[in-house]
Amino acid sequence: MFSLKRRISNKETLLGTFVILPSTDSVEILALGGFDFVVLDREHGPHSIEKLQDMVRVASLHKMGTLVRVPENSKKEILWALDVGADGVLVPMVETASDAIRAVRSAKYDPIGERGVAFTRSSKYGKHELTSYFEESNENTFIALQCENIKGLTNLDEIVNTPGVDMIFFGPFDMSASLGIPGKVEDPRVKEAAMKLLQICKNANKAAGTFASTAEEALNRIQEGFNLVGLGIEATIYLNAVKSLVTSVKNKIIK
């Protein structure tokens, strides 16, 4: 069975992208293009739960991993994301160990957590015996927490060592804003924060993820040691492809 968590545990390096367009066709194109995973972004994208489930289903059919970035660290949002069958959640703005504990409890079934029980797509609508499903879900659900500001970085040792946390995701843009240099993601202070995060994750034997705007940046992040890289946003990828195509023709038109 395909498992995003298993691939990370096997030390694979995974490349994906963020998805803000609520489109199953878009997800299928990204899978056919070769991405290992997508982050279905409910924090910044207009994804309804109904559409989200269809997007997860399409990704699953193509054996492409799915993380849902929930808009907040709440039991309801995490429950919705996992009940539609996503491989895991990406929880924003985790700043303390108590934030991390809350996310884990929301994502895991008893006896580890407090996730509510229902016969949804994630449980194949009750097809399988529940006890084995709970154990399998607790084992395979991937929990990634975002480190996006100075407070989160300061408390990262405690956050990353919270039982149930699988990965810390470094948010370079929000971290730059927290450092008082918004948008300057190549500034040495942002890079220093990223390297500190990488070392803390390595010491805890936990995976580290991050965002990259270009292919060159993605390669650099992988060479630095990040296990999972979100390369851009799919809408921007499409826009840049269209601009490049149109410009290549229009620039050759003889006026």
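Quick caveat: nothing in here was measured; it's all calculated off a predicted structure.
Residues A207 and N227 come closest through the heavy atom pair CA-OD1, 3.3 Å. Between S122 and T120, the shortest heavy-atom distance links the atoms OG-OG1, 3.0 Å. Considering all non-hydrogen atoms of both residues, T13 and D36 come closest at O-OD2, 4.1 Å. The two residues R115 and L79 come nearest to each other via the heavy atoms CG-CD1, 3.8 Å. Among all heavy-atom pairs drawn from V68 and A86, the shortest one is CG2-CB, 3.7 Å. Scanning all heavy atoms of the two residues, the minimum distance from L198 to A208 falls at CD2-CB, 3.8 Å.
Ion pairing between a basic and an acidic side chain is recognised when a charged N comes within 4.0 Å of a carboxylate O; R57 and D54 show such pairing.
Between the side chains of T214 and E216, no donor N or O sits under 3.5 Å from an acceptor N or O. A donor-acceptor contact closer than 3.5 angstrom is absent between the side chains of E224 and N220. A donor-acceptor pair shorter than 3.5 Å cannot be found between the side chains of N155 and E95.
With a 4.5 Å cut-off on side-chain heavy atoms, I159 and V94 count as touching. Side-chain contact between F37 and D87 is absent, with no heavy-atom pair separated by less than 4.5 Å. L90 places a side-chain heavy atom less than 4.5 Å from the side chain of F169. Two residues are said to be in side-chain contact when any heavy atoms from C-beta on lie closer than 4.5 Å; T210 and P172 meet this criterion. At a threshold of 4.5 Å between non-hydrogen side-chain atoms, the residues E186 and V190 do not count as touching. Considering only heavy atoms from C-beta on, R121 stays 4.5 Å or farther from V84 through its side chain. At least one side-chain heavy atom of L52 sits less than 4.5 Å from a side-chain heavy atom of L40. Taking 4.5 Å as the limit, some side-chain heavy atom of Y109 sits within range of a side-chain heavy atom of S137.
Counting non-hydrogen atoms of other residues, nucleotides and ligands closer than 6.0 Å to CG of N205 gives a total of 12 or fewer. Within a 6.0 Å radius of OH in Y238, other residues, nucleotides and ligands contribute more than 12 heavy atoms.
In this structure, the separation between CD1 on I20 and CG on D41 is 7.5 Å, given to the nearest 0.5 Å. Rounding to the nearest 0.5 angstrom, the gap separating the CZ atom in R105 from the CD1 atom in I143 is 12.0 Å. Note that CE of M93 and CD of E72 are 13.0 Å apart. Values are rounded to the nearest 0.5 Å. The structure places CG of L14 at 12.5 Å from CE of M64, a figure rounded to the nearest 0.5 Å. The distance from the OG atom of S123 to the CD atom of E129 is 12.0 Å, given to the nearest 0.5 Å. A distance of 9.5 Å separates OG in S23 from CD in E28, rounded to the nearest 0.5 Å.
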message: Go through it in stages, so that I can follow the logic: the residues are I8 and L228, the test is side-chain contact (heavy atoms from CB on, under 4.5 Å), and I'd like the CA-CA distance, side-chain angles, deciding distance and then a yes or no.
response: CA-CA 8 Å; I8 289 290; L228 179 149; 4.2 Å; yes
message: Evaluate M55 against K51 for side-chain contact (heavy atoms from CB on, under 4.5 Å), listing each step before the verdict.
response: CA-CA 6 Å; M55 294 164 76; K51 178 61 73 172; 3.7 Å; yes
Stepwise side-chain contact (heavy atoms from CB on, under 4.5 Å) check, V27 with H62: CA-CA 10 Å; V27 169; H62 286 279; over 6 Å; no
- request: May I have the step-by-step check of side-chain contact (heavy atoms from CB on, under 4.5 Å) for C201 and L197, ending in yes or no?
  value: CA-CA 6 Å; C201 288; L197 179 145; 4.0 Å; yes
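Of the possible polar contacts, one joining the E234 side chain to the L21 backbone as a donor-acceptor pair under 3.5 Å is found. N73 places a side-chain N or O within 3.5 Å of a backbone atom of D99 that can act as its donor or acceptor partner. Checked by atom type and distance alone, the side chain of S178 never pairs as donor or acceptor with a backbone atom of D174 at under 3.5 Å. A distance-only check finds a donor-acceptor pair linking the side chain of S248 to the backbone of L245 [under 3.5 Å]. No side-chain donor-acceptor contact under 3.5 Å links K151 to the backbone of T96. The backbone N or O of P71 sits nowhere less than 3.5 Å from a side-chain atom of R42 that would complete a donor-acceptor pair. The backbone N or O of N138 sits less than 3.5 Å from a side-chain atom of K108, completing a donor-acceptor pair. Side chain of E217 to backbone of S213: a donor-acceptor contact under 3.5 angstrom is found. Side chain of S244 to main chain of N240: no donor-acceptor pair is present (N/O by atom type, distance under 3.5 Å, no hydrogens or angles). Side chain of T17 to backbone of G232: a donor-acceptor contact under 3.5 angstrom is found.
Criterion: ILVMFWY side-chain heavy atoms under 4.5 Å apart, direct or through other members. Under it, F173 and F18 are part of a common hydrophobic cluster. I233 and L239 end up in different hydrophobic clusters when Ile, Leu, Val, Met, Phe, Trp and Tyr side chains are linked at under 4.5 Å. One hydrophobic cluster holds both I150 and I181 under the rule that ILVMFWY side chains link at heavy-atom gaps under 4.5 Å. When hydrophobic clusters are built by joining Ile, Leu, Val, Met, Phe, Trp and Tyr residues whose side-chain heavy atoms come closer than 4.5 Å, directly or via intermediates, I29 is not grouped with L61. By the criterion of side-chain heavy atoms lying less than 4.5 angstrom apart, applied directly or through intervening Ile, Leu, Val, Met, Phe, Trp or Tyr residues, Y133 is not grouped with L4; the two fall into different hydrophobic clusters.
With E12 as the partner, the salt bridge (charged side-chain N to carboxylate O under 4.0 Å, His left out) test is satisfied by one option alone out of R7, K5, R6: R7.
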